[in-house]
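Just so you know, these numbers use all the heavy atoms, side chains as well, and skip hydrogens, waters and symmetry mates. Everything numeric in this text was worked out from a predicted model, so none of it was measured. So that the names make sense, note that chain A is the first sequence line, chain B the second, and so on, each numbered from 1.
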Protein chains: 2
Amino acid sequence: MPDAASPIAAPPKASAAKTPAPRDTQRIFSIAELAREFAITARTIRFYEDEGLLKPRRQGLTRLYSAGDRTKLSWILRGKRLGFSLAEIKELLDLYGVDRTGVQQMRELLRRSRLHIADLERKRRDLDAQIGEFKDVEAHVAAELKQRGVNPESD
Amino acid sequence: MPDAASPIAAPPKASAAKTPAPRDTQRIFSIAELAREFAITARTIRFYEDEGLLKPRRQGLTRLYSAGDRTKLSWILRGKRLGFSLAEIKELLDLYGVDRTGVQQMRELLRRSRLHIADLERKRRDLDAQIGEFKDVEAHVAAELKQRGVNPESD
DNA sequence: ATTGACGTTTACGTAAACGTTAACTATGAC
DNA sequence: GTCATAGTTAACGTTTACGTAAACGTCAAT
């Protein structure tokens, strides 16, 4: 499941070497397609829409998801894996949608970004601590097994 | 998401600190004390006990928490911050409690540890990706403000 | 002897994040 | 036509992680 998600609101900075697959950027996805790709249910995707996290185009009643919608979804799921609530994720997503022309808005965006970065870095400290602990466990147990003449790698 | 208390707080009080922890290891804590320290409610702590995550000593009905209990609690909260459910945290806590004498048990512990490490490392990739994105945002916005002659640091 | 601070159990309430029918609708295949 | 497949809304159910009383016990201080 390659997750080549570019930064959220991809600013058309520089079209390097090749045109980055215009067909891919134009692609539309059905709800079932996205559900399969991300291993969630369609209900979940609709729920995210109810909560204001996604706003797909519509053809009649049927939802049509753009590549941007797909990227957003992937972003939402990553946020969830990191333990953020949907409300928090929505706030962050909305940050990018906000009018970036005003100085006041930009200052607010900067402030919120920094707060969020601080939050993320705390999480990383927590994470590194846990990883360290579990690697210790792994090392000790593996050593103990080895000392007893047992091969730890024969699962 | 309020900023919690210090991870390892110790009152610098008391007599000569010769061995680096005999008194501290002996300390017992009331439920209110732990609640204050970790900025949670007593209800929450009791709930964790109902769920089998803590088993404090009792004096009559009153709960008495050891330093070990306190460490466990801090561990539980860190797990929560990382987005694990109480059920998952309980599993991990129980891993340590398990009889480590048998080879079979040790192999199981090793296996679970490795699975968990893989999980944590995926989380770290997610985390680093988000941190990177938000630092980009920060840099771009700060640069844009600067270019407009606005000082980004005047909150 | 009452107040107040702290502890307890029991139990109903709630918000978040979906799951799960139910009861349609639209579309292409046969 | 009608069957299968995918989509829809609406609404009730479920699990997790606690909040919030209610009703009570214990002890120190007033």
Side-chain angles (χ1 to χ4, degrees), chain A residues 27-66 69-70 72-94 119 123 126, chain B residues 1-2 4-5 27-66 69-70 72-94 119 123 126:
Chain A
R27 268 214 66 183
I28 60 160
F29 304 85
S30 75
I31 195 169
E33 218 168 342
L34 290 183
R36 266 197 315 278
E37 177 176 359
F38 293 107
I40 57 183
T41 69
R43 171 72 177 91
T44 298
I45 298 178
R46 290 191 200 103
F47 180 73
Y48 293 162
E49 182 176 350
D50 288 348
E51 298 295 301
L53 293 152
L54 292 172
K55 294 136 211 151
R57 229 176 80 218
R58 291 227 180 191
Q59 178 177 284
L61 287 182
T62 304
R63 295 161 171 87
L64 299 179
Y65 297 86
S66 70
D69 291 329
R70 177 178 161 286
K72 266 195 185 180
L73 179 53
S74 137
W75 213 85
I76 292 166
L77 297 174
R78 191 171 67 191
K80 287 218 62 199
R81 287 196 301 268
L82 293 175
F84 293 101
S85 73
L86 291 187
E88 291 167 319
I89 294 170
K90 175 173 163 50
E91 265 207 72
L92 296 173
L93 280 177
D94 289 350
D119 192 1
K123 244 165 215 187
D126 283 339
Chain B
M1 282 179 285
R27 267 214 66 183
I28 60 159
F29 304 85
S30 75
I31 195 167
E33 218 168 341
L34 290 184
R36 266 197 315 278
E37 176 178 356
F38 293 108
I40 57 182
T41 68
R43 172 71 176 92
T44 298
I45 298 178
R46 290 191 200 102
F47 180 74
Y48 292 162
E49 181 176 350
D50 287 346
E51 298 296 300
L53 294 159
L54 292 171
K55 292 137 210 154
R57 226 178 78 219
R58 291 223 179 195
Q59 177 176 281
L61 287 182
T62 303
R63 293 161 171 85
L64 300 178
Y65 296 86
S66 69
D69 290 330
R70 178 179 161 284
K72 266 195 186 183
L73 178 54
S74 136
W75 212 86
I76 292 166
L77 297 175
R78 191 172 68 191
K80 285 215 63 196
R81 288 196 301 271
L82 292 176
F84 293 102
S85 73
L86 292 187
E88 290 168 320
I89 294 170
K90 174 173 163 50
E91 264 206 71
L92 295 173
L93 281 177
D94 289 351
D119 193 3
K123 249 168 208 182
D126 284 340

In short, Asp69(B) meets Leu54(B) closest at the heavy-atom pair O-CD2, 3.8 Å
Given atom CG of Leu86(A) and atom C1' of dC18(C), what is their separation to the nearest angstrom?
9 Å
Which nucleotide of DNA chain D is the first, and which the last, in the 5' to 3' direction, to come under 4.0 Å of a heavy atom belonging to chain B?
dA17(D) to dT20(D)
Please give me the minimum heavy-atom distance between Arg81(B) and Lys123(A), naming the atom from each residue.
O-CE, 3.1 Å
Holding to side-chain contact (heavy atoms from CB on, under 4.5 Å), I want the full list of residues that pass it with Glu33(A), two or more places apart in sequence or in another chain.
Arg27(A), Phe29(A), Ser30(A), Arg36(A)
With Ala35(B) via side-chain contact (heavy atoms from CB on, under 4.5 Å) - residues at least two apart
Ile45(B)
Take the C1' atoms of the five end pairs on each side of the helix from dA1(C)-dT30(D) to dC30(C)-dG1(D), get both axes, and report the angle to 10 degrees.
20°
Smallest heavy-atom separation, Ile31(B) atom then Arg46(B) atom, equals CD1-CG, 3.6 Å
Both Glu33(B) and Asp50(B) contact DNA chain C. Which one's nearest nucleotide lies toward the 5' end?
Glu33(B)
Within the 4.5 Å heavy-atom criterion, are Glu49(A) and Pro56(A) side-chain neighbours or not?
yes
Taking the side chain as every heavy atom from C-beta outward, state whether Phe38(A) and Thr44(A) have any pair of such atoms under 4.5 Å apart.
no
Does the side chain of Lys72(B) reach to within under 4.5 Å of the side chain of Leu53(B), using non-hydrogen atoms?
no
Quick one: on DNA chain D, does Arg46(A) or Ser85(B) contact a more 5' nucleotide (nearest heavy atom)?
Arg46(A)
Which letter, B, S or -, goes with each nucleotide of nucleotides 19-28 of chain C from 5' to 3', with contact meaning a protein heavy atom under 4.0 Å?
BB--------
Chi angles and distances behind the side chain to side chain contact (heavy atoms under 4.5 Å, CB included) call for Arg63(B), Arg57(B)
CA-CA 6 Å; Arg63(B) 293 161 171 85; Arg57(B) 226 178 78 219; over 6 Å; no
For Ser85(B), side-chain contact (heavy atoms from CB on, under 4.5 Å) partners two or more places apart
Ala87(B), Glu88(B)
